[in-house]
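Heavy atoms only: backbone and side chains are in, while hydrogens, waters and symmetry mates are out. Index from 1, following the sequence.
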Amino acid sequence: MLLYRQLLEQFCQCLCAKDKRHLENFSEIVAGIVLSGSACLTHWLSFLSHRKCQARAHLARLQYFLNNPRVDVREYYETLLKQSL
C-alpha cells in the first residue's frame, strides 16, 4: 500500500522508535485511519495487512502495540500532529 510506505518513510525521519516494527505498525494504523476516514477499528480493518487474519487477531495486534511498555504512543501521535501542523 503506497500510503503505508510513504508514512513509514516519513515516520522513520521524525520518530525515534526502539524497534522498526513499532513504526511499521504505527504507519499501518495511521494509513488505515486515513484511508477509511474513521478512527473506528472496524472501519479500517480491511486496510491492514494480513487480511486473512480474523478481526480478533488484528485487535490483539493493535492492543499489543498500544499497551506495549516500550512504545510511547503519545509521543508518536504528538510528533505526528506537530509535523502536520
Side-chain angles (χ1 to χ4, degrees):
M1 157 166 54
L2 180 62
L3 180 59
Y4 161 75
R5 288 192 305 269
Q6 291 173 334
L7 287 170
L8 181 59
E9 184 178 313
Q10 291 298 313
F11 293 154
C12 284
Q13 294 175 18
C14 63
L15 291 170
C16 296
K18 294 177 181 163
D19 188 329
K20 185 177 178 182
R21 292 173 296 181
H22 299 162
L23 283 180
E24 291 169 351
N25 281 337
F26 183 66
S27 300
E28 189 175 27
I29 290 166
V30 173
I33 291 170
V34 170
L35 291 171
S36 70
S38 173
C40 180
L41 174 65
T42 57
H43 294 171
W44 47 272
L45 272 176
S46 61
F47 296 100
L48 297 177
S49 62
H50 307 98
R51 293 190 181 134
K52 293 181 182 179
C53 292
Q54 299 290 327
R56 205 172 18 194
H58 288 297
L59 184 57
R61 234 175 66 200
L62 175 62
Q63 289 292 346
Y64 177 77
F65 177 76
L66 294 174
N67 295 316
N68 187 337
R70 294 180 49 198
V71 176
D72 184 359
V73 177
R74 186 180 61 223
E75 179 185 323
Y76 281 46
Y77 280 109
E78 238 177 62
T79 303
L80 175 63
L81 289 173
K82 286 178 184 176
Q83 294 292 322
S84 301
L85 297 174

Check your understanding: At what distance, to the nearest 0.5 angstrom, does CG of L3 lie from CD1 of I33?
Key -> 11.0 Å
Name the atoms and distances for all side-chain donor-acceptor pairs under 3.5 Å in residues 6-20, with sequence neighbours left out.
{"from": "D19", "atom 1": "OD1", "to": "R21", "atom 2": "N", "distance (Å)": "3.0"}
{"from": "D19", "atom 1": "OD1", "to": "R21", "atom 2": "NE", "distance (Å)": "3.2"}
{"from": "D19", "atom 1": "OD2", "to": "R21", "atom 2": "NE", "distance (Å)": "3.1"}
{"from": "D19", "atom 1": "OD2", "to": "R21", "atom 2": "NH2", "distance (Å)": "2.5"}

Review point. Quick one: do F26 and V34 end up in the same hydrophobic cluster if we chain Ile, Leu, Val, Met, Phe, Trp and Tyr together by side-chain heavy atoms under 4.5 Å apart?
Key: yes
Review point. Taking C-beta and beyond as the side chain, do E28 and F47 meet within less than 4.5 Å on heavy atoms?
Key: no
